[in-house]
4 protein chains.
Amino acid sequence: MVDIQRVKEERGIKLEKVGIKRLRYPIRVLVKGESSYQTPVATAELAVEVPYDIKGTHMSRFTKIVHKYKDEIHGQHFIDMLRDIKNELETPRAYAKFAFPFYLEKNAPVSREVSLMEYLCELEGFTDGENDAMSISVSVPITTLCPCSKAISEMGAHNQRADVRVVVDVSNEMLWIEDVIQAVEDSASSPLYSLLKRVDEKYVTEQAYKNPQFVEDVVREVYGRIEKLYKSTANCNFTIECESYESIHNHNAFASTSYRHEP
Amino acid sequence: MVDIQRVKEERGIKLEKVGIKRLRYPIRVLVKGESSYQTPVATAELAVEVPYDIKGTHMSRFTKIVHKYKDEIHGQHFIDMLRDIKNELETPRAYAKFAFPFYLEKNAPVSREVSLMEYLCELEGFTDGENDAMSISVSVPITTLCPCSKAISEMGAHNQRADVRVVVDVSNEMLWIEDVIQAVEDSASSPLYSLLKRVDEKYVTEQAYKNPQFVEDVVREVYGRIEKLYKSTANCNFTIECESYESIHNHNAFASTSYRHEP
Amino acid sequence: MVDIQRVKEERGIKLEKVGIKRLRYPIRVLVKGESSYQTPVATAELAVEVPYDIKGTHMSRFTKIVHKYKDEIHGQHFIDMLRDIKNELETPRAYAKFAFPFYLEKNAPVSREVSLMEYLCELEGFTDGENDAMSISVSVPITTLCPCSKAISEMGAHNQRADVRVVVDVSNEMLWIEDVIQAVEDSASSPLYSLLKRVDEKYVTEQAYKNPQFVEDVVREVYGRIEKLYKSTANCNFTIECESYESIHNHNAFASTSYRHEP
Amino acid sequence: MVDIQRVKEERGIKLEKVGIKRLRYPIRVLVKGESSYQTPVATAELAVEVPYDIKGTHMSRFTKIVHKYKDEIHGQHFIDMLRDIKNELETPRAYAKFAFPFYLEKNAPVSREVSLMEYLCELEGFTDGENDAMSISVSVPITTLCPCSKAISEMGAHNQRADVRVVVDVSNEMLWIEDVIQAVEDSASSPLYSLLKRVDEKYVTEQAYKNPQFVEDVVREVYGRIEKLYKSTANCNFTIECESYESIHNHNAFASTSYRHEP
C-alpha cells in the first residue's frame with residue numbers, strides 16, 4: 001500500500017506544528033500527598049515539527065501514544081510521552097497539551113459542609129531532544145468586589161464571579177496544582193464554594209465586602225504568592241490573568257502580567 | 001442528471017423537520033418607531049416536514065429563500081418567507097428560526113453618557129398553510145442582588161450578572177423587542193450599561209442594594225409586566241427564564257415559568 | 001437568622017422550575033454487563049416546582065443531594081435522587097438532568113488496534129410523587145456520505161462528520177447506552193474511530209462510499225433499530241436528530257423525528 | 001468623590017495588560033474597491049499597560065473610545081484609535097483587538113447562483129507612541145480531501161470541512177481581507193459555498209477529488225500565495241493554521257507555521 005506521506009516534498013517550507021486537536025480521552029492524574037488518582041476526561045492536542053523536506057506526519061501514532069500513557073500522564077510521565085512522540089514520529093520537536101478538570105474537596109467556611117470545587121487545568125510541554133519544557137495552567141474561579149464601588153457608594157458594592165488563570169513553568173521545579181489554587185483563593189475578595197448554608201453565605205458576603213479587589217489587585221496579589229511557591233528564583237516563570245464577569249456591565253474586565261527570571 | 005431525492009421512500013417514517021442549521025447571514029431588522037433598520041448577522045435554522053413517502057428535501061432552496069428575504073425579515077415578511085418555503089419545497093409544514101443581536105442606545109443613569117447595549121433576539125415560527133405561528137425571544141442581561149445575602153449580612157450583599165430570556169408569542173398580536181427589554185430591565189435589581197462613569201457606578205450600586213431580587217422574584221416581576229404588554233389576554237402566551245451567574249458559586253441559579261391563555 | 005425564603009409570596013404566580021444549572025461534579029456510571037464503573041464529570045441541572053404562594057427554594061440542598069448520590073447515579077438511583085429532592089425541598093415536583101461523556105473501547109475494523117471513543121450522554125427525569133419519568137440521551141458521531149453527490153459525480157462523493165442524538169424514554173423499560181450507540185453506528189455510512197491505521201482508513205473510506213446516507217436516511221434507519229430495542233411497543237417513546245457538518249457548506253444539514261406510542 | 005484608582009500602588013509590579021474583553025459593538029468596515037461599508041457586530045478587547053507605581057486604569061474610557069470610532073475602524077483609523085487610548089488613559093502602551101464576521105457575495109461555480117459566504121476576521125494592534133503594529137486575521141472555511149485515503153482506496157476518499165486561519169502583519173503594508181480569502185480558497189481541495197445546485201455539487205465533488213490536500217499541503221500552498229501578496233519581502237510577517245474536522249475521526253487534524261522576515 002502506497003505511503004503518500006513518504007512522497008518527496010519540494011516546496012521547502014518547514015511546518016512548526018502538525019498534529020491533532022480536540023482528542024477527548026479519559027486520563028489519570030495524581031493527587032498531592034496521596035497515592036490516589038483523579039480520573040478526568042482530557043482534551044488533548046499533540047503535534048510535531050515537520051521539516052522542510054518531509055511531506056507530512058502519521059496522525060494515528062498520536063492517538064496510540066495517548067492510549068499508552070493515559071493512566072500516568074503527570075510529572076515525569078508527561079516528558080516521557082513527549083520523548084516517545086519525538087521518537088515514534090521521527091521529528092526534531094514534539095509538543096503536547098492536555099486540558100482537564102481537577103477537583104478539591106472543600107469545607108464551607110462556617111458550617112463545614114463538604115462539597116467539591118472544579119478547577120480547569122492544562123499540562124503543556126515540548127521536547128527537542130536536548131531541552132524539555134513543561135508548564136501547568138490552573139483556572140480558579142473567585143469573587144471580586146469592586147473597591148471603587150464600595151468607596152463611592154453609601155451602601156453595597158458590586159461584586160461578581162471572576163476567573164484567574166495562572167500558568168507556571170515547571171520545567172525545572174515541580175509545583176502542585178493544589179498550591180497554585182491556594183495562592184489564588186488567598187488573593188480573592190472571597191473564594192467560591194459549591195455548597196454554602198446561610199451561615200456561610202453571611203460569612204462570604206461580609207468577607208468579600210471587607211476585602212475589595214480590582215482585577216489589577218488580584219493579579220498583583222497572586223504574583224507575590226506564586227513567586228514564593230518557587231524554591232529557587234532561577235526557576236520562576238509564570239503568567240497570570242484575572243477576568244471578571246462584571247455585574248454592572250455585559251462585558252468583562254481583565255488584567256494580566258507575566259514574570260520571567262532573566263539570569 | 002438523476003434526482004436521488006425523488007427515489008421512492010418505503011420505510012414509512014415521517015420526518016418532522018429536515019433542513020439546515022447554523023447558516024450565518026446578514027439581515028435587516030426594523031427599529032420601533034423609526035423608518036430605520038439594524039443590520040445584524042443572523043444564525044438561521046430552516047426546516048420542512050418530510051412526509052412518510054418522500055425520500056428527502058432540496059436543501060439549496062433554503063439558502064435561496066434566505067437570500068431573497070434577508071433585507072426584510074421582521075413581522076409579516078417572516079410569515080411570507082415561511083409560506084414561500086412551504087410552496088417552494090412542496091411540504092405540509094415549514095419552520096424557521098433566526099437568532100441575531102439587537103442594539104439599543106442607552107444613557108448612563110446620572111452622567112447621561114451614551115453607549116450601545118446588546119440584546120440577543122430570535123424570531124421563530126411555522127406555517128402549515130392553515131395556521132401560522134410566530135414568536136420573538138429576547139435575552140436581557142441584568143444585575144441581581146441577593147435578598148437573603150443582604151438580610152443576613154452586616155454589610156454588603158452578593159450580586160451578579162444574570163440573563164433573562166423571554167419568549168413571547170406574536171402570532172395574533174405584535175409586541176416590540178424594545179418593550180420586552182423595558183419590561184425586563186424594570187424588573188431587575190439594576191439594568192446593565194456598556195458605559196458607566198463613577199457617578200453612575202455609585203447610582204447603580206445603591207440602586208441594586210435597595211432593590212434585591214431572587215431569580216424567583218425577577219421571573220414573577222417580568223411575568224406581571226409582560227402580561228400587561230398584550231392588549232388582549234386571549235393572545236397571551238409566553239415563557240420567562242432568569243439565569244444568574246452567582247458570584248459566590250461556580251454554578252448558576254435559575255427560575256422559569258410560562259403562561260398560556262386557555263380559552 | 002431571618003429566612004427570607006419563608007416570607008409570604010403574594011404575586012400568585014407558580015414557577016415551573018427553580019434550581020441550579022451548570023454544576024460540574026464527578027460522578028460514577030455503571031458499565032453494561034460489568035460490575036465496573038466509569039467516572040466522568042457531569043454537568044448537572046436540578047430544579048423543583050415552586051407553588052404560587054411560596055417565595056422560593058433553598059438552593060444549597062441541590063448540591064448536598066448531588067454530593068450524596070454522586071457515586072451511584074444511574075438507573076433506580078436516579079429516581080431515588082429525584083424523590084429525595086422532592087422530599088428535602090418540600091415541592092410538588094422535582095427535576096434533574098446530568099450530562100456526561102461516556103467511553104467505549106473500540107477496535108479499528110482491520111488492524112484491530114484499540115482506542116477509546118467518546119459519546120456524550122444525558123440522564124433526565126422528574127417525579128411528582130405519583131409518576132416518575134426518566135430518559136437517556138446519547139450523541140453518536142458518525143460519517144455521512146452524500147448519495148446525491150455520489151450519484152451525479154464521476155468520481156468521489158462529499159462526506160463529513162455528523163452527530164446523531166437519540167433520546168429514549170426509559171421510564172418503563174431500561175435500555176443500555178451501549179445498545180443505542182450500536183443502533184446508530186449500524187445506521188451510518190461509517191462509524192468513527194479514534195485510531196485508524198492505513199489498512200483501516202482504506203476500509204472505512206470504501207465502506208462509506210458503498211453506503212451513502214442522507215441525514216434523512218440516517219434518522220429513518222436509527223428509528224427502525226431503536227424501535228426494536230424496546231421489548232414492549234407500549235414503552236416506545238424516543239426522538240432522533242442527525243446533524244451533518246457538510247463538507248461543501250459552512251452550515252449544517254439536519255433531520256429529526258420522534259415516536260410516541262399512543263395506547 | 002474619591003478616586004480609588006489614584007491611590008498609591010506599592011507592590012511594584014507592572015501589569016502588561018489591563019482592560020476590557022467581550023465588549024460587543026456594531027462597527028463599520030470598508031469593502032475593497034468600493035466606497036461601501038459592511039456593518040458587522042464586533043467582539044472587542046482593549047487594554048493598556050499599567051506601570052508598576054499606578055494602581056489601575058479607568059475602564060469606562062475604553063467603551064467611550066469604541067463608541068467614538070465605531071463607524072470607521074479599519075486601516076489608519078484603527079491606529080488613530082490606539083493613539084487615542086494611549087493618550088486618554090495616560091499609558092505607555094495601548095492594545096486593541098476587534099473580531100467580526102465579513103461577507104463576500106459568491107457565485108456557485110456552474111449555475112452562477114448568488115449567495116453570501118461568511119469569513120471571521122480580526123483586527124489587532126498596539127502602539128507605544130513610537131511604534132505602531134497592526135495585523136489582520138482571516139478565517140476561511142474550506143474542503144480538504146485526503147490524498148492518502150484517495151490513493152489507497154478503490155473508490156471515494158474521505159473529505160471534510162476545515163478552517164484556515166491566516167494572520168498577516170499589515171504594520172507596513174496594507175493587505176485586503178478579500179485577497180487573503182482568495183489565496184486560501186485557491187489552496188483548498190475546494191472552496192465552500194452557501195448555495196449549490198446539483199450541477200454545482202457535481203462540480204465541487206469532482207474538483208475536490210481531483211485536488212486532494214493534507215492539512216500540511218494547505219498550509220504550504222497558502223504560505224506561497226500569502227508571500228506573494230506582499231509587495232516588499234521586508235514587510236512579510238504572517239502565520240497560517242489549517243484545522244480539519246476529520247470525517248473519519250471525532251478529533252481534528254491541524255498544521256501551522258509562520259514566516260517572519262529577518263533583515
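Order of the sequence lines sets the chain letters (A, B, ...), proteins ahead of strands, with each chain counted from 1. As the structure is a prediction and not an experimental result, all values here were calculated from the model.
The two residues C:V170 and C:L175 make their nearest non-hydrogen contact at CG1-N, 3.7 Å. The minimum heavy-atom distance linking C:F78 with C:A96 is given by the pair CZ-O, 3.6 Å.
Atoms CD1 and CG, from D:I177 and D:L123 in turn, are 6.5 Å apart once rounded to the nearest 0.5 Å. With values rounded to the nearest 0.5 angstrom, C:L46 atom CG is found 7.0 Å from C:L23 atom CG. Rounding to the nearest 0.5 Å places CG of C:L104 at 8.5 Å from CG of C:L116.
Taking 4.5 Å as the limit, every side-chain heavy atom of C:V138 sits out of range of all side-chain heavy atoms of C:V184.
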Kindly provide each donor-acceptor pair between chain C and chain D shorter than 3.5 Å, listing atom names and distance.
from   : atom 1 : to     : atom 2 : distance (Å)
C:T143 : OG1    : D:S247 : O      : 2.4
C:S149 : OG     : D:T205 : OG1    : 2.8
C:I152 : O      : D:K202 : NZ     : 3.4
C:E154 : N      : D:E206 : OE2    : 2.7
C:A157 : O      : D:N159 : ND2    : 3.1
C:H158 : NE2    : D:E201 : OE2    : 3.0
C:N159 : N      : D:N159 : OD1    : 2.9
C:N159 : OD1    : D:N159 : N      : 2.9
C:N159 : OD1    : D:S247 : OG     : 3.0
C:N159 : ND2    : D:A157 : O      : 3.1
C:R161 : NE     : D:E246 : O      : 3.1
C:R161 : NE     : D:H249 : O      : 2.9
C:R161 : NH2    : D:E246 : O      : 3.3
C:R161 : NH2    : D:H251 : O      : 2.8
C:R161 : NH2    : D:N252 : OD1    : 2.8
C:Y193 : N      : D:I248 : O      : 3.3
C:Y193 : O      : D:H249 : ND1    : 2.6
C:E201 : OE2    : D:H158 : NE2    : 3.0
C:K202 : NZ     : D:I152 : O      : 3.4
C:T205 : OG1    : D:S149 : OG     : 2.8
C:E206 : OE2    : D:E154 : N      : 2.7
C:E246 : O      : D:R161 : NE     : 3.1
C:E246 : O      : D:R161 : NH2    : 3.3
C:S247 : O      : D:T143 : OG1    : 2.4
C:S247 : OG     : D:N159 : OD1    : 3.0
C:I248 : O      : D:Y193 : N      : 3.3
C:H249 : O      : D:R161 : NE     : 2.9
C:H249 : ND1    : D:Y193 : O      : 2.6
C:H251 : O      : D:R161 : NH2    : 2.8
C:N252 : OD1    : D:R161 : NH2    : 2.8

